[in-house]
Amino acid sequence: MIVEMRRGAIQEEIDGVVQRAKSLGLDVQLNLGTEKTVIAILGSNTGQLPIDIFAVLPGVESVTRIMKPYKLASREFKPADSLVSIDGIEIGGKRIIIMAGPCAVETKEQLAEAARVVKESGASILRGGAFKPRTSPFSFQGLEKAGRELLAQVRKQYGIPVVTEVVDPHDVDLVAESADILQVGSRNMQNFALLTTVGKSRRPVILKRGFSCTVTEWLTAADYVLAGGNDQVILCERGIRTFEDSARFSLDVSSIPVIKNFSHLPIIVDPSHAAGHYSLVPALAKAAVAAGADGLLIEVHPNPKEALVDGLQSLTPSDFSTLMKELRAVAKSVGRYI
Ligand code: PEP
Ligand code: MN
């Protein structure tokens, strides 16, 4: 249930709604907008409560039931777009933010070179996985702790924020020390223990779409993070599994405007994991920007032929630099910039 307060409602009136909800054993989350306060009333039995319980309270303008399973990620709860801020870099505004780097952290030289080239081409955030969630237990699992340390060193050396994946709830605090953004991967989108733990962190979170999950399931997963009090959530479309097997996954471009309709959260796109092949990445990246994505997460490796993971879908520094020029033109054509 969403309780919208009247413009100019006083604190006492807001407190009155909160106290009424608490007296019924319900949880609340407040969205203190610039114009009015919106209160989400959360609980498993809100569907059985008459809306008049809140509608009669002083200062209340309207009470709406949200029929969707997700609440905090919904536009009903927060009509204005959310902005996620990392070191002054804002995701969800007019500027499209490019995050790029290798799939996995491999060596200090590899990561440093990746940071240098992606920064030179105009990326603002470096990606690189230290903990890799691999489908097979026999594949390279990442450098783990050593990879995390390399990320911290390179971040400092190049003055570039980093995003890295966290796969285990027990590692969240540790990873948050050396990364500016925590990534929850596609395979973990419904790892509810992990979502709850990153929800308690104060680091922004990139929540990748599970490759067999609907938009509704994705936004409901985002509610786990938001319910913990972490409102710095960025959604990332990375392709879904369909009957089509000519690309690694099918990039669901429609999810970009769909998310913009249903949610206030920013959405970025990872064209690399959708494509699976470097030759497809530029077209998917441009399609994402044209469709309204707030950013891109792109795999770039100084030497893709030598990459330990995902070399086939990684762009060379020179292909990335060409793509960045093309992306600037696409961004301009849709009233944005990079
Ligand atoms: C990644 O970004 O490194 C990754 C593993 O992606 P996904 O979770 O989308 O497969
Ligand atoms: Mn990868």
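As the structure lists them, so they are numbered: ligands from 1, and atoms in each ligand from 1. In this chain, residues are counted from 1 in sequence order. Just so you know, these numbers come straight off a predicted model, no measurement behind them.
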Novice: Do the side chains of Lys68 and Glu76 get close enough for a salt bridge, i.e. N-O under 4.0 angstrom?
Specialist: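 The answer is yes: the pair qualifies as a salt bridge.
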Novice: Is it the case that the side chain of Gln110 and the backbone of Glu106 share a donor-acceptor pair, with hydrogens and angles ignored and the cut-off at 3.5 Å?
Specialist: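 Side chain of Gln110 to backbone of Glu106: a pair is present.
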Novice: Is the shortest distance from a Lys or Arg side-chain nitrogen in Asp15 or Lys22 to a carboxylate oxygen in the other one below 4.0 Å?
Specialist: no
Novice: Distance only, no hydrogens: is a donor on one side chain within 3.5 Å (strictly under) of an acceptor on the other, for Glu306 and His301?
Specialist: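 Side-chain D/A pair, Glu306 to His301: absent.
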Novice: Go through the structure and list residues passing salt bridge (Lys or Arg N to Asp or Glu O under 4.0 Å) with Arg238, not counting sequence neighbours.
Specialist: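 Not a single residue meets the salt bridge (Lys or Arg N to Asp or Glu O under 4.0 Å) criterion with Arg238.
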Novice: Distances for all N or O pairs of ligand 1 and the protein under 3.5 Å?
Specialist:
unit_1	atom_1	unit_2	atom_2	d
ligand 1	2 (O)	Arg127	NH1	2.8
ligand 1	2 (O)	Gln183	NE2	2.9
ligand 1	2 (O)	Lys208	NZ	2.9
ligand 1	3 (O)	Arg127	NH2	2.8
ligand 1	3 (O)	Lys132	NZ	2.7
ligand 1	6 (O)	Lys208	NZ	2.9
ligand 1	8 (O)	Ser186	N	2.8
ligand 1	9 (O)	Lys208	NZ	2.8
ligand 1	9 (O)	Arg238	NE	2.7
ligand 1	9 (O)	Arg238	NH2	3.4
ligand 1	10 (O)	Arg187	NH1	2.8
ligand 1	10 (O)	Arg238	NH2	2.8

Novice: Once salt bridge (Lys or Arg N to Asp or Glu O under 4.0 Å) is applied, do any residues pair with Glu326, and if so which ones, sequence neighbours excluded?
Specialist: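 Counting only residues at least two positions away or on another chain, Glu326 forms a salt bridge (Lys or Arg N to Asp or Glu O under 4.0 Å) with Lys286.
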Novice: Less than 3.5 Å apart, any donor N or O on the side chain of Gln313 or Asp310 sitting next to an acceptor on the other?
Specialist: yes
Novice: Run the numbers on Lys200 and Thr196 for side-chain hydrogen bond (donor to acceptor under 3.5 Å, both in side chains), then give the verdict.
Specialist: CA-CA 7 Å; Lys200 289 186 195 129; Thr196 302; over 6 Å; no
Novice: Under 3.5 Å, side chain of Arg155 to main-chain N/O of Gly159, donor-acceptor pair present?
Specialist: no
Novice: So, with waters excluded, how many protein N/O/S atoms does the Mn ion (ligand 2) have closer than 2.8 Å?
Specialist: 4
